[in-house]
Amino acid sequence: MAFSYKRIIVKIGSNVLTKENGLPDYSRIQHLVEQLVYLKKKGIELIVVSSGAVASGRSLLPSVKEAKHAVAIRQVLSSIGQVKLINTYSQLFNEHEMLCAQVLVTKEDFRDRVHYLNMKNCFHSLLQNDVIPIVNENDVISVTELMFTDNDELAGLIASMLNANALIILSNIDGIYNGDPKLPDTHIIEKVKQNEYNFSAIIKAEKSTFGRGGMITKASIAGKVAKLGIAVHIANGKRDNVLKDLLFEDLVHTHFLPEKHKSERKKWIAHAEGAASGTVQLNTGAKEVLTSGKVSSLLPIGITAVSGEFKKGDVIKILDEHQQTIGWGIAQYGADKARERMGVKNQKPLVHYDYLYSVY
Ligand SMILES: Nc1ncnc2c1ncn2[C@@H]1O[C@H](COP(=O)(O)OP(=O)(O)O)[C@@H](O)[C@H]1O
Ligand SMILES: N[C@@H](CCC(=O)OP(=O)(O)O)C(=O)O
């Protein structure tokens, strides 16, 4: 099957770029760059999210002093490794007379609307200038709770931010299997519609040797991104010609079918959960309305509790009566007014539909 995408995000996992001994696999990187160049020449706009800094660092400093904290080791390896990684990309793209750029980001940059817009403008300018952005997490700054779950999460955020047509996640496996990939009777799930599978039951909670999040995060990010109207493909980056075959020929892999396209504002809100400064709890009736798929705003009449302090314009989390997340959205007024109006009829919506994201 051929896909005609205008703008794609290609996420390359650590395992794709490393050999079994953990050292960088230059011929693989070279082969991927050749395919990216081919796609670029076909007029596709590309943004690459590449892991591999820590693995590259290990090749430079194999006997890294085992400092007390694993965090410090990761900081040392990623900071020296990122230089090598981006130089490798830069040299390889140069051979084809193409420029790439390094963009290092943290989770905080997606929470803050100003940082978010700065980043977005920069990506647009790079694309306008035919430069290929190579994105990675800023591993020196991002430690413990400030970290992305993994670069799949980062790639999903970039895909939403840049209104990409598709996100291609390259791992060291052909796609998502319907059970343990090592068992002979399992096979790749080729097409996934929204909420069709319970992936946490299907996927073994195991990661490849050098990966961070594992396949469960990939499946959950893929579902979320597809819900926003962006196609997601999970394929094997270790296969020769994977990108060309996926886009222009037939390749067995997992394809999350995109839902109806969502507005840019909704896309930002969809990933803003971590920025929530307060929560509201709803009664069953309000939950039913908000999860029905119909266009409806969150009215104070259905609110049973308001916690935390938030102002107009802040992101708030919306829970049901069992504390399960319904979604999140931007408050049209602050927590004090929300408390006053809670349970009262004929009040202005606390969250307007255009600023509301439901996980259902
Ligand atoms: N049902 C499944 N289908 C596919 N892969 C699975 C499944 N269950 C567990 N996995 C594991 O998930 C790994 C890929 O995730 P991860 O380690 O995060 O890779 P990456 O470094 O590419 O991000 C695979 O190598 C595989 O061992
Ligand atoms: N920022 C890290 C990548 C961490 C990560 O998410 O790796 P992976 O699960 O292989 O995509 C690095 O460059 O080593």
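Any value given below was found using the heavy atoms of this structure, including those in side chains, with hydrogens, waters and symmetry copies removed. What you are looking at is a predicted structure, and each value in this text was computed from that prediction instead of being measured.
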Nearest 0.5 Å, what's the [atom1]-[atom2] distance between [X] and [Y]?
| X | Y | atom1 | atom2 | answer |
| --- | --- | --- | --- | --- |
| Ser56 | Leu61 | OG | CG | 12.5 Å |
| Ile221 | Ile234 | CD1 | CD1 | 10.0 Å |
| Leu36 | Ile47 | CG | CD1 | 11.0 Å |
| Leu39 | Glu34 | CG | CD | 12.0 Å |
| Ser50 | Glu137 | OG | CD | 13.0 Å |
| Ile318 | Trp328 | CD1 | CH2 | 9.5 Å |

Around [X], counting heavy atoms of other residues, nucleotides and ligands shown, do more than 12 lie under 6.0 Å from its [atom1]?
| X | atom1 | value |
| --- | --- | --- |
| Lys244 | NZ | yes |
| Asp185 | CG | yes |
| Lys348 | NZ | yes |
| Tyr177 | OH | yes |

Residues clustering with Leu183 (ILVMFWY side chains joined when closer than 4.5 Å, directly or via others):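 Cluster partners of Leu183: none, it stands alone.
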
Do you reckon [X] sits in the same ILVMFWY cluster as [Y], going by side-chain contacts under 4.5 Å, direct or chained?
| X | Y | value |
| --- | --- | --- |
| Val105 | Val83 | no |
| Leu350 | Tyr353 | no |
| Ile216 | Val192 | yes |
| Leu104 | Met161 | no |
| Ile168 | Phe248 | yes |

Give me the atom names and distance for the closest heavy-atom approach of [X] to [Y].
| X | Y | value |
| --- | --- | --- |
| Ile158 | Phe123 | CD1-CZ, 3.7 Å |
| Leu60 | Ile80 | CD1-O, 3.7 Å |
| Gly43 | Lys6 | O-NZ, 4.1 Å |
| Gly278 | Phe310 | CA-CD2, 3.9 Å |
| His233 | Ala231 | NE2-CB, 4.1 Å |
| Leu170 | Gly237 | CB-CA, 3.8 Å |

Check this for me, if you would: do [X] and [Y] make a salt bridge, where the nitrogen-to-carboxylate-oxygen distance has to be below 4.0 angstrom?
| X | Y | value |
| --- | --- | --- |
| Glu321 | Lys287 | no |
| Asp240 | Arg28 | yes |
| Glu309 | Arg339 | yes |

So does [Y] get a backbone contact from the side chain of [X], meaning a donor-acceptor N/O pair under 3.5 Å?
| X | Y | result |
| --- | --- | --- |
| Lys238 | Asn15 | yes |
| Ser90 | Asn87 | no |
| Asp320 | Gln323 | yes |
| His96 | Met98 | no |
| Thr186 | Asp180 | yes |
| Asp245 | Glu249 | no |
| Ser78 | Ala53 | no |

For the residue pair [X] and [Y], establish whether any side-chain heavy-atom pair is separated by less than 4.5 Å.
| X | Y | result |
| --- | --- | --- |
| Glu196 | Lys191 | no |
| Phe256 | Ile169 | no |
| Tyr357 | Lys227 | yes |
| Val252 | Asp174 | no |
| Val10 | Leu32 | no |
| Leu247 | Ile8 | yes |
| Val49 | Asn136 | no |
| Ile176 | Tyr197 | no |

Residue pair Gln35, His31: steps toward the side-chain hydrogen bond (donor to acceptor under 3.5 Å, both in side chains) verdict: CA-CA 6 Å; Gln35 291 176 77; His31 179 64; 3.2 Å; yes

Pair Thr325-Leu319, side chain to side chain contact (heavy atoms under 4.5 Å, CB included): steps then yes or no: CA-CA 5 Å; Thr325 304; Leu319 305 175; 3.9 Å; yes

Worked check of side-chain hydrogen bond (donor to acceptor under 3.5 Å, both in side chains) between Ser358 and Thr291: CA-CA 7 Å; Ser358 150; Thr291 57; over 6 Å; no

Salt bridge (Lys or Arg N to Asp or Glu O under 4.0 Å) contacts touching residues 76-87 (sequence neighbours left out):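 Passing the test, one end in residues 76-87: no pairs.
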
From CA spacing to verdict: side chain to side chain contact (heavy atoms under 4.5 Å, CB included), Asn178, His187: CA-CA 6 Å; Asn178 64 344; His187 63 266; 3.0 Å; yes

Test log, rule side-chain hydrogen bond (donor to acceptor under 3.5 Å, both in side chains), inputs Asp109 and Thr106: CA-CA 6 Å; Asp109 298 324; Thr106 67; 3.2 Å; yes

Between Asp139 and Gln82: side-chain donor-acceptor atoms closer than 3.5 Å: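 Side chains of Asp139 and Gln82: no pair found under 3.5 Å.
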
Asn151 side chain to Ser51 side chain, donor-acceptor N/O pair below 3.5 angstrom: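 Side chains of Asn151 and Ser51: pair found under 3.5 Å.
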
Parallel, tilted or perpendicular: ring planes of Phe110 versus Phe148, cut at 30 and 60 degrees: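 Correct class here is perpendicular.
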
Mutual orientation of the aromatic rings belonging to His253 and Phe3 [parallel < 30°, tilted 30-60°, perpendicular > 60°]: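 Because their plane-to-plane angle is over 60°, the rings of His253 and Phe3 count as perpendicular.
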
With Val135, the side-chain contact (heavy atoms from CB on, under 4.5 Å) member among Ile9, Leu154, Leu157: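 Per the side-chain contact (heavy atoms from CB on, under 4.5 Å) rule, the option paired with Val135 is Leu154, out of Ile9, Leu154, Leu157.
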
Leu162 vs His124, side chain to side chain contact (heavy atoms under 4.5 Å, CB included): CA-CA, chis, key distance, verdict: CA-CA 8 Å; Leu162 296 178; His124 282 304; 4.1 Å; yes

side-chain hydrogen bond (donor to acceptor under 3.5 Å, both in side chains) pairs, two or more places apart, involving residues 36-47: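 Sorted result for residues 36-47: Arg7-Glu45, Lys40-Asp130.
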
Chi angles and distances behind the side chain to side chain contact (heavy atoms under 4.5 Å, CB included) call for His115, Glu108: CA-CA 8 Å; His115 281 207; Glu108 286 299 301; 5.6 Å; no

